Amino acid sequence: RGHPARIAGRPRKGTYQKEGTMKAAVVHDFTQPLSIENVPKPEPSDGQVLVRIEACGLCHTDIHAAHGDWPIKPPLPLIPGHEGVGIVEALGSGAGEEISEGDRVAIPWLGFACGHCRYCNSGRETLCEAQLNTGYSMDGGYAEYVAAYARHVVKVPDAVDSLDAAPLSCAGVTVYKAVKSSGVGPSQLCAVFGVGGLGHLAVQYAKIQGATVVAVDLEDDKLEMARELGADYVVNAAEQDPAAEIQKLGGADAAIALAVSPRPFEQAFDSLARGGTLMMVALPPDNYVKLPIFETVLRGINIKGSIVGTHRDVEDVFKLHTLGRTRVLHETRPLEEVNEAFDDILHARNKEPRIVLTV
Ligand code: ZN
Ligand code: ZN
């Protein structure tokens, strides 16, 4: 709690320019809607940059943060948002080595990592125990300005639109990393369970890896979209048993679990071929799945968790987009309509898989 980085990033008295205020969507109470209000504009502290936000993707995690759904609850008041993209307007001391004023950057979930622990030192900074998370333990992108650590923001190439860069910086990198970590490759079968904000990108990264892709969802229009994005097979889990259908194809070498309830995780497990890998990615509020030990052992199944991606992974995702190898499907809403946008996501009323808030 006394971590200097936390204090720097949080709305505490004395850390703001006296004259400046900004518009932000603030969580004061887990049971209440976000409040659109004027709050003091942050000032970048040591190692930080001040970013003027252009767009911020709406990730399901933001809803969990605002509702206090998870075992570790964020401190309040909180400005959510970890898919913020904008222009660097000012530099704190020591922040100018790689980032300059005028750079366009993304501010991902990993807002701070220590840089010297065994995880940070082995290319696994997303596992750092001292990490701070944007829009969770630090204020995030549902605001006109964010103070972010220069070391952790990622430059957005000119060819990548801000409205595309926003979802790529969490949804994109999360499934890019999960597909990569699954080890799935050419001639193998990759099952994607849930083709919403994350899944529509997972289908594309699995195709980039050369895999044959089967997409699973409960809605036909999402499955149609998955086909347009390259899925070779689709299964509507409301009508057919996805595990049985995928076993008919020989079983999945990798199954990426992206739906926010435990049942699809179990179905993903049951869909695996021998030696296959279940990638746990989504974070359902209901925290437990029931998986058999016997079949896991005899069938040589791997079960792995995957959390977002590193700085380098975000760069890779932007590079693939620059090369025209991914499409980001999104619709936009003004920041002021964030509560309506939350409602639409919770009731599956969004027309495109990702909503991006414009600031
Ligand atoms: Zn996210
Ligand atoms: Zn560390």
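Note that the numbering runs from 1 along the sequence shown for the chain. The figures that follow rest on heavy atoms only: side chains count, while hydrogens, waters and symmetry mates do not. From a predicted model like this one, the values you see are computed outputs, not experimental measurements. Atoms within a ligand are numbered from 1 in the order they appear, just like the ligands themselves.
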Open item on the list: Are F30 and D69 packed together at the side-chain level, in the sense that at least one heavy-atom pair is separated by less than 4.5 angstrom?
Closed with: no
Open item on the list: What I want to check is whether the side chains of H116 and N121 have a donor and an acceptor closer together than 3.5 Å.
Closed with: no
Open item on the list: Can a side-chain donor-acceptor contact be found between D46 and S93 if the only test is distance below 3.5 angstrom?
Closed with: yes
- [ ] Fit a plane to each ring of H60 and H64, take the angle between them on a 0 to 90° scale, and name the class: parallel (under 30°), tilted (30 to 60°) or perpendicular (over 60°).
- [x] tilted
- [ ] Among V317, D316, L323, find the residue that satisfies the side-chain contact (heavy atoms from CB on, under 4.5 Å) test when tested with K319.
- [x] L323
- [ ] Count, excluding waters, the protein N, O or S atoms that are closer to the Zn ion (ligand 2) than 2.8 Å.
- [x] 4
Task: Atom name, H82 (N, O or S, nearest to the Zn ion (ligand 1)) - done: NE2
Task: N133-H82 side chain donor-acceptor pair, cut-off 3.5 Å - done: no
Open item on the list: If you define the side chain from C-beta out and look only at heavy atoms, does anything of R354 sit under 4.5 Å from E83?
Closed with: yes
Open item on the list: Using the Zn ion (ligand 1) as the vertex, how large is the angle between SG of C59 and SG of C170, rounded to 10 degrees?
Closed with: 130°
